[in-house]
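Reminder, nothing fancy here: chain letters follow the sequence lines and each chain counts from 1. Predicted model, so just to flag it, every value in this text is computed and none were measured. When reading the values below, keep in mind they use all heavy atoms of this one structure, side chains included, and skip hydrogens, waters and symmetry mates.
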Amino acid sequence: MGLSFLLFYISAAVAITTAIMAVTRKNASHALIYLVVTLLSIAVIFFLLGAPFAAALEIVIYAGAIVVLFLFVVMMLNLGRSSVARESQWLRPGMWVLPAILSGVLFIVFGYTVLQTENSAMIEGQVVPPKEVGTVLFHEYLLGVELAGVLLLAALVGAFHLGRRYLEERREN
Amino acid sequence: MKLATMFQAGLPYLVLTGGLLVVMIGVAIKRTHAVAAVLTIVTLIATTLSHIVAYSALGDGAVQIDSMFKIDGVAYLFNILFLLAALVVAFLGSEFLNRRIRFKEEFYLLLLCATLGSLVLPAAVHFASLILGLEIVGISLYAMIAYPEKARPPLEAGLKYLVLSGVGSTALLFGMAMIYAGSGSMEFANSLPSDGSIEGQYFYLIGNAFFWSGIAFKLSLVPFHIWTPDVYHGAPSTVTAFLATVSKGAVFAVVLRYAIEGNVLDSGNVQFALSVIACVSMVIGNLLALLQTNLKRLLAYSSIAHMGYLLIALLIVESNSALGYETLILYLVGYFLMTLAAFGVVSVLSMNQEQELDSIDSVCGLLWRQPIAGAVLIVSAISLAGIPLTIGFFAKYYLFYAGIDGGMWTLIGALVVGSAIGIYYYLRIVFTAIKRPAEDAEAMTGLPWTGLGILAFLGLCMLVFGIYPTNLINLIQNVVQASGF
Amino acid sequence: MHLLWAIPALPLAGFLILLLTEGRLPRSVVSSIGAGSVGLAALLTGYVAWQVMSSDSAPFTSSSWTWMIVGEFNVSFRLFVDELSLVMVGVITGVGFLIHWYATGYMSEEEGYSRFFCYMNLFVFAMLMLVMGDNLLLLFLGWEGVGLCSYLLIGFFHKVPEFGYAARKAFVVTRVGDTFLIIALFLLFHQVGSLEIQQGLIFARENMSDASMMNTIICLLLLGGAVGKSAQVPLQTWLPDAMAGPTPVSALIHAATMVTAGVYLIARMQDYFMLSQTAMLCVAAVGLVTLFIASFTALVQSDIKRVLAYSTMSQIGYMFFALGVGAWSAGLFHLMTHAFFKALLFLASGSVILAMHHEQNMFKMGGLWKKLPIPFIAMLVGSAALVALPLTSGFFSKDAILLKAWKSDSEFATLFWVVAVIAAFLTSLYTVRMMVLTFFGKPQSEMHELKKESLWHPNRIRTVVPFGLLAVLSIAGGWMGFEFTSDLFGDKGVHAELHFDLIAFLTLGIPFAGIVVGYFVFASDLIDRRNLIKNKMSELLSKFWGNGWGFDWVYDTFVVKPFRFIAQTRLNRNDVVDLFFNLIKFLANLFHHILSMFQTGHVRWYAFTMLGGLLLVLLAVVWV
Amino acid sequence: MNVLVLILLLLGAGVVAWFSERVSTKLPNWIALITFVATTLWVLVIWFNGPDAAGLYASLRHEWIPRFGIELHLRVDALSLMLIGLTTFLGIIAVVSSWTETKTRHGFFQFNILWVMAGVVGVFSAFDLFLFFFFWEVMLIPMYFLIAIWGHEDKEYASMKFFLFTQISGLLMLVAIVALVWINYNISGTLTFDYFELKNANLDSATARLLMLGFFIAFITKLPSVPVHTWLPDAHTQAPTAGSVILAGILLKTGAYGIIRFVVPMFNEASQEFWIWGMSLGVVSILYGGYLAYSQTDFKRLVAYSSIAHMGFILVGVYSFSKLGTQGAIITMIAHGFSTAALFMMAGALQERLHTREMSKMGGLWVRAPRMGAVTMFFVVASVGMPGLGNFIGEFLVLIGAFQKSVVLTVFAAIGIVVAAVYGLSLMQRSFQGVPNPDVPKMHDFAFREMSVMVLLMIALVWVGIYPQSLLQMTAPLLPGLLD
Amino acid sequence: MTTALSIPLEHVFFLAIILFLIGAFGVLIRRNIIFMLLSLEIMMNACGLAFVAAGARWAEPDGQIMFMFILALAAAEVAVALGLVVQLARRFETLDIDRAEELNG
């Protein structure tokens with residue numbers, strides 16, 4: 001019981017709040033900013049859970065790369081003020097009800113079941129340092145890394161094919 | 001395990017990856033469709049042949065590579081099956097690209113990537129390799145589905161598949177995380193909580209629920225089936241053929257291994273849930289196809305049902321894993337042949353068209369207008385319906401045998417009901433194909449000979465294996481036994 | 001050496017020749033084949049009869065041809081002749097030949113001449129099989145065969161739908177009786193283990209007791225079969241309609257031979273019937289009721305052939321009655337004499353009808369005796385025999401029946417006798433009516449212009465000879481058949497005694513009474529016939545009688561119409577059972593449509609269902 | 001002698017006929033005809049050669065799929081030979097009857113006919129259950145093509161219905177076969193589909209009952225019996241003449257054959273307990289089929305329903321568990337094959353001439369075509385059950401056999417005889433008799449081709465009618481094996 | 001070395017499932033494809049969190065490694081997805097995913 005304990009719950013609360021904000025914002029840029037906050041608080045939690053390397057990657061790659069990619073697209077597609085108006089038109093409260101109920105029920109079922117667990121396991125925050133992660137990653141999971149490479153290659157080729165056409169045809173216009 | 005053995009056992013993977021790189025470099029140097037196509041086909045053939053060399057490395061049993069892979073004869077059988085399917089897709093695709101697509105070469109890269117991903121799965125014994133293999137196939141497919149430049153359906157299909165597959169994958173991942181949290185290992189063999197504590201059990205159970213939901217999505221089983229027709233419909237038929245065969249087969253291969261090594265079905269609850277899914281898939285899939293007028297959608301719904309049938313092979317592994325593998329492989333051989341043939345026909349017929357000829361009316365009188373394609377379509381429909389003289393019958397026979405062996409009478413009942421409904425719409429295809437063609441039906445000329453040749457070959461295979469499957473069955477049985485099941 | 005097999009083989013050969021030549025032969029050849037084959041058979045019968053009578057040995061059987069053997073079940077094509085069969089064979093071939101002869105003239109102007117003789121020969125063959133069959137299955141073969149020929153010949157003029165209906169009615173109604181018969185066969189086989197008639201009779205004599213329920217059932221079933229074929233109550237309704245056929249057919253099939261098959265059957269199975277009082281009583285009752293009903297009906301008919309048809313019914317009723325009271329030989333005797341005079345009556349009426357442009361309504365005839373003297377005389381002779389004037393053949397046979405009835409030890413003997421006598425009275429009444437209406441009084445309509453050259457011309461030799469022979473038989477048949485039939489069953493004692501008592505007197509007197517009353521009612525002006533008819537009561541009565549006591553109406557309303565009604569509703573035609581399968585189809589389509597509604601194409605909805613599915617799987621895995 | 005040669009001959013001739021279409025449109029007909037004549041002669045030859053010591057006329061046993069103990073096991077005993085003879089003989093009839101009927105795709109037409117027959121011969125000679133099922137299904141597809149391509153107005157519906165019914169019931173049989181094999185495997189340790197091994201399997205009575213039902217449903221659907229008969233009227237009505245001839249003459253017999261060969265001997269006890277149901281279904285079929293036959297206005301439909309009634313006799317006979325009943329059922333199969341084939345041919349001939357099957361548009365045809373009238377009369381009379389013709393023998397033996405089992409049911413079945421008279425004669429009346437319909441176009445009577453076939457059928461029926469012993473003595477030695 | 005954290009495993013999983021469901025909720029309510037993908041990222045993160053938590057429970061690096069694979073996966077998916085989004089904007093001239101409903105039935 002200490003600071004980290006408290007920190008966990010605060011971060012969790014922040015993550016949840018900002019996640020909700022992120023999915024409900026009308027302005028795409030705002031939403032992305034909220035998402036970044038979510039990611040940051042998750043990074044904090046990672047750190048608390050004893051995974052500093054994951055926390056770093058969360059910030060570097062997720063917040064740093066993926067969200068930025070999103071932002072590029074948002075800007076490229078020019079989702080400005082008009083899109084905000086459109087979003088408010090699309091986001092009718094009536095539409096929220098069923099999804100909300102479904103999510104709620106899922107959560108209740110999940111929660112009820114998990115809470116039935118007796119002698120629950122505690123996370124002591126044992127730190128697994130990056131070095132150890134690296135060792136295992138490039139030893140036991142070496143082939144996994146290779147496969148991740150192929151995965152990225154596939155994504156690269158795919159994104160190239162899909163995106164290139166766009167560029168070329170714009171040039172033609 | 002000696003490194004040399006591992007390399008020898010992993011030779012197919014190396015060849016394929018090497019080929020992939022060669023094709024990529026080739027494309028980078030000079031974009032020539034013919035070269036890319038030939039290189040791809042050569043790669044696929046070489047990979048297929050490399051299994052012969054690699055097989056001797058297995059000795060009596062399996063080669064374990066790290067904790068992620070376990071290469072055995074069964075995996076090789078799957079591999080060869082997937083490779084041959086990919087080869088068919090490559091042949092069909094080359095014609096398709098040639099006639100309808102402006103930028104062709106990337107397709108081969110994506111196809112090879114997807115094939116590699118699918119080869120990973122049968123040998124995977126670890127959640128990491130499972131998800132990576134699955135996603136390689138998935139990512140490649142997103143792009144392949146949306147490959148044509150101008151039309152809207154492929155794009156729509158690609159997007160739908162991407163979004164929904166994303167949801168499915170997250171469910172899968174979340175499930176894996178929970179199983180891992182419960183059991184402490186991501187290897188299939190150790191994924192069952194060993195101490196049997198309640199805590200582990202609950203995490204394990206919820207994890208499995210999420211996990212199987214994700215898998216059910218990938219296999220398009222009811223109630224996660226709903227995306228299937230749209231994606232099959234929107235994608236170019238060539239890609240649909242790959243999607244419907246290899247991506248499904250690979251998932252089945254891996255979950256079968258998970259079920260065997262992880263003893264998942266020891267849990268009555270999971271077994272129950274899967275049985276229910278199987279039953280409703282068989283019935284609902286067929287019902288959905290009943291009056292469908294779009295050939296591709298119809299085949300999509302029917303594939304839902306077929307995946308339901310195949311769950312029998314999965315459920316039997318608890319009591320008789322060898323039979324489960326045998327059933328799965330034989331059924332997949334049949335299913336691959338007939339599905340490839342069916343989508344192949346659509347693909348070949350649409351070669352010269354702007355839009356795909358996928359309405360069932362467009363195959364009206366096909367047997368008379370285009371005898372080879374018509375005959376193959378009829379044979380594949382009959383085979384899908386599970387009627388003798390075709391491999392589909394033996395496939396269905398295996399299911400019955402497996403079902404009875406496992407005493408799964410409810411499933412057999414659903415299988416009978418499903419097949420009964422199925423006959424109706426498969427016969428509708430047959431009937432349409434043999435109908436007198438409409439007066440104004442345009443002649444179908446200029447269809448590619450490669451495509452027709454491939455179709456004829458597939459049709460012939462269906463018939464030959466449908467009459468004398470002995471060699472095939474013996475091969476499968478021997479390999480399964482040699483792999484220690 | 002006896003040529004037993006040749007008797008049926010001759011008509012069969014005739015049938016086959018006529019069938020295979022498909023009417024391409026000239027008519028004269030057809031006549032000689034058609035009538036000749038039967039004539040030869042008649043001659044052969046005479047030869048065989050002489051053989052049988054002259055030898056004291058056991059009855060004749062022909063060599064056999066195996067029909068079928070299954071386990072214990074063993075039947076073969078073997079012919080068998082004893083005295084009883086010989087009477088029948090004689091009647092069939094003899095009377096049959098005469099009728100064939102007559103028909104060569106009668107049918108000469110009709111289409112399908114060859115077809116007619118083809119059917120007729122087939123009929124003779126089938127009838128011979130019926131009476132000569134050594135086992136019940138062979139009997140049944142003949143039994144069905146004659147039914148078929150009856151059907152074919154009634155509907156011979158196939159262009160007239162009513163005739164077709166009559167033919168089908170005859171076939172179906174007799175088939176109802178046949179069903180009883182075939183069930184009787186099953187029972188017999190079950191009991192005896194064989195369908196051989198002689199074996200069965202021996203079995204009955206040796207193994208069956210008087211009180212045996214089984215025996216009674218067998219007898220009643222046999223009776224059912226006989227009733228159908230012989231047009232007895234309650235299956236009599238087909239016979240009047242059967243008059244749609246050409247008149248020679250009516251003479252041969254519906255008077256002389258086929259309709260007496262029932263009598264033959266019961267006589268043949270005598271040993272069973274003798275063991276069952278109940279069955280005997282039933283036979284007698286059936287005969288009597290038919291006799292009674294038919295006589296009344298005959299009284300009010302206007303169609304000459306229908307009068308004869310009802311008369312036939314009633315005479316066969318006499319035969320049944322005779323069998324029922326144990327007058328076996330009397331019954332058979334009456335069968336024989338009836339064949340003679342009824343054939344004569346029919347043939348004569350046929351000539352009349354032809355002469356009248358196929359007009360059969362007696363009210364449109366009248367005064368014909370001058371114009372058609374030969375038919376008139378023939379008819380007169382026949383009528384005399386029918387009403388049983390003394391010394392005619394009918395007298396001897398009917399007298400024997402009545403006497404036996406009187407003397408029978410049944411508790412109903414007196415009642416039976418009274419009813420039979422009343423019926424005899426009615427017989428003469430309607431006969432007189434028929435004769436009066438047809439031949440006397442004023443002509444009511446024009447007659448056919450008689451051409452001398454017409455083959456059917458009543459004065460031509462080929463018509464006259466059959467008439468003459470039959471007339472002789474009708475008169476003299478009584479004397480010559482007397483001895484012959486009386487020792488069939490060993491009950492000759494009845495006849496041997498001459499009797500001059502009240503009974504004899506009554507029997508003798510009743511026909512005359514009938515004639516006298518008939519004369520007053522129908523011929524003289526002493527009684528105003530119109531008053532008699534105008535009476536409301538009598539109108540109803542005559543309508544009731546005229547319609548055959550409403551049997552047709554009952555069957556029509558309660559059997560035929562409902563059967564047809566349900567058969568013709570659309571639902572039934574399309575097979576009700578199919579509704580069930582259509583329901584399945586409907587449900588499948590319904591589910592398809594419902595499920596298809598989920599396929600909206602909206603990604604978010606798809607994701608929603610996936611999440612819902614996740615929830616379901618979670619519930620299934622965790623909480624089941 | 002090798003029965004496989006026969007099957008292969010038919011299959012091969014089918015392929016040749018298909019391709020010979022390119023040479024001449026009549027050539028496929030000739031090829032099919034010659035093939036059927038040759039196979040019929042072949043059957044006759046081995047018929048007269050007589051059986052070997054084991055009562056077999058031909059046999060063959062070869063490995064097929066050893067993984068499951070499935071063998072290519074063909075045997076021809078007396079029952080099989082009789083039915084194979086019927087098959088090839090009706091093959092001739094079918095080909096001749098459709099000589100001028102098909103206007104298109106002659107080659108494929110004969111291909112299908114030959115392949116159906118090959119499948120049927122396989123069904124009648126297979127002694128390996130898997131092989132049996134294999135052939136059972138194989139014969140369906142060409143039949144489906146025959147109806148679906150050359151059928152009349154409602155061919156899609158009819159062919160679909162035909163296929164669905166037989167296929168779905170077939171699935172039940174497949175389940176039963178596999179279950180039987182698997183149970184036998186668990187008891188005896190050998191995985192085999194062999195008829196004789198499975199016949200001796202030790203099943204507990206509850207299981208046997210269930211498995212028996214699987215077979216039974218499949219067979220009564222094919223037979224067909226009420227309540228799974230509804231495919232038959234549609235299929236028969238819509239099928240081309242040759243299709244109807246084959247369907248009624250032979251395909252229905254496979255159902256009867258299945259019951260006699262498989263259901264009763266293999267599940268003897270269960271069947272014995274089941275007799276009341278089997279017989280009752282038969283009786284209901286007789287009455288209901290007859291009744292519906294009367295209701296019809298379509299010539300072919302009427303004959304089709306009459307087939308249902310006749311097939312009811314087979315059920316009654318088999319489930320009487322007596323020699324008489326079984327022999328009767330066998331004779332009924334043969335005789336019905338002849339008589340109904342002829343009637344369907346007649347319907348086809350009428351349709352070819354009048355372009356209708358509706359009897360309200362006929363009437364008085366006898367005047368126009370007396371030969372056709374006489375021929376129809378003969379076969380109507382035969383199917384009504386006239387003694388001296390084949391059908392009577394069968395029905396009589398059935399009834400007399402059944403009588404010993406149940407008096408009541410037999411009585412009801414016997415009522416069917418009356419019903420038969422009603423519909424049979426009404427058929428005759430409505431088509432050939434009565435006032436000639438003025439709308440009927442001028443039509444030509446039977447000529448040599450059609451007449452010769454009809455005469456063949458008539459001779460066959462008379463032969464069965466007066467000398468059934470020739471067939472009975474052949475099958476008699478089999479009966480103990482079939483009944484106990 | 002620990003971070004002195006001591007909380008029940010379930011709590012982390014509660015957080016994970018909540019994030020997961022928020023993501024799912026987002027997918028369900030948003031018509032704009034960009035937001036949908038964003039929601040998907042939240043779901044992915046939830047999975048990552050779950051893996052890291054599971055790894056922390058066993059004090060193993062495997063959880064973090066899986067998280068890294070998920071990262072790669074997310075990146076790959078986003079790359080392809082955004083390519084598709086761009087195409088969607090061009091061919092359908094909207095980002096409204098509901099407009100892409102030509103394939104149905």
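- When all heavy atoms of Ala177(B) and Cys47(E) are compared, the closest pair comes out as CB-O, 4.4 Å.
- Note that OG of Ser169(B) and CE of Met43(E) are 10.0 Å apart. Values are rounded to the nearest 0.5 Å.
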Check your understanding: Does the pair Ile131(B) and Ile70(E) meet the rule for a side-chain contact (heavy atoms from CB on, under 4.5 Å), with working shown?
Key -> CA-CA 9 Å; Ile131(B) 193 73; Ile70(E) 291 174; over 6 Å; no

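- Using a 4.5 Å cut-off on side-chain heavy atoms (C-beta onward), Glu135(B) and Phe69(E) make no contact.
- Proximity to chain E is limited to the side chain of Leu132(B), based on heavy atoms less than 4.5 angstrom apart.
- Chain E forms more heavy-atom pairs under 4.5 Å with one residue of Pro153(B), Ala151(B), Gly184(B), Gly138(B) than with any other, namely Gly184(B).
- The interface of residues 229-240 of chain B with chain E, defined by heavy-atom distances below 4.5 Å, comprises Asp230(B), His233(B), Gly234(B).
- Residue Leu37(E) touches chain B through its side chain alone, counting heavy-atom pairs closer than 4.5 Å.
- Side-chain contact, Tyr180(B) with Glu60(E): a donor N or O sits under 3.5 Å from an acceptor N or O.
- Between Phe174(B) and Phe20(E), the ring planes lie tilted relative to each other; the angle falls in the 30° to 60° range.
- For chain B, the nearby parts of Ala16(E) are the backbone and the side chain; heavy atoms of each come within less than 4.5 Å.
- Interface remark: Met66(E) contributes side-chain atoms only to the contact with chain B (heavy atom separation under 4.5 Å).
- Distance OG1/Thr170(B) to CD1/Ile42(E): 12.0 Å, rounded to 0.5 Å.
- For Ala157(B), the parts lying near chain E are the backbone and the side chain together; criterion is any non-hydrogen pair under 4.5 Å.
- Annotation: Phe51(E) is not in aromatic contact with Phe127(B) [ring centroid separation under 6.0 Å not met].
- The line from CG of Leu155(B) to CG of Leu84(E) is 6.0 Å long, rounded to the nearest 0.5 Å.
- Heavy atoms only, all atoms of each residue included: Leu9(E) and Ala181(B) are closest at CD2-CB, 4.3 Å.
- For chain E, no part of Leu172(B) is nearby; none of its heavy atoms comes within less than 4.5 Å.
- Partner Leu103(E) forms a side chain to side chain contact (heavy atoms under 4.5 Å, CB included) with one of Lys160(B), Lys296(B), Arg152(B) and no other, that one being Lys160(B).
- Rounding to the nearest 0.5 Å gives a distance of 8.0 Å between CD of Glu156(B) and CD1 of Ile97(E).
- When heavy atoms are compared at a cutoff of 4.5 Å, Ile17(E) approaches chain B by way of both its backbone and its side chain.
- A distance of 9.5 Å separates CG of Leu159(B) from CE of Met36(E), quoted to the nearest 0.5 Å.
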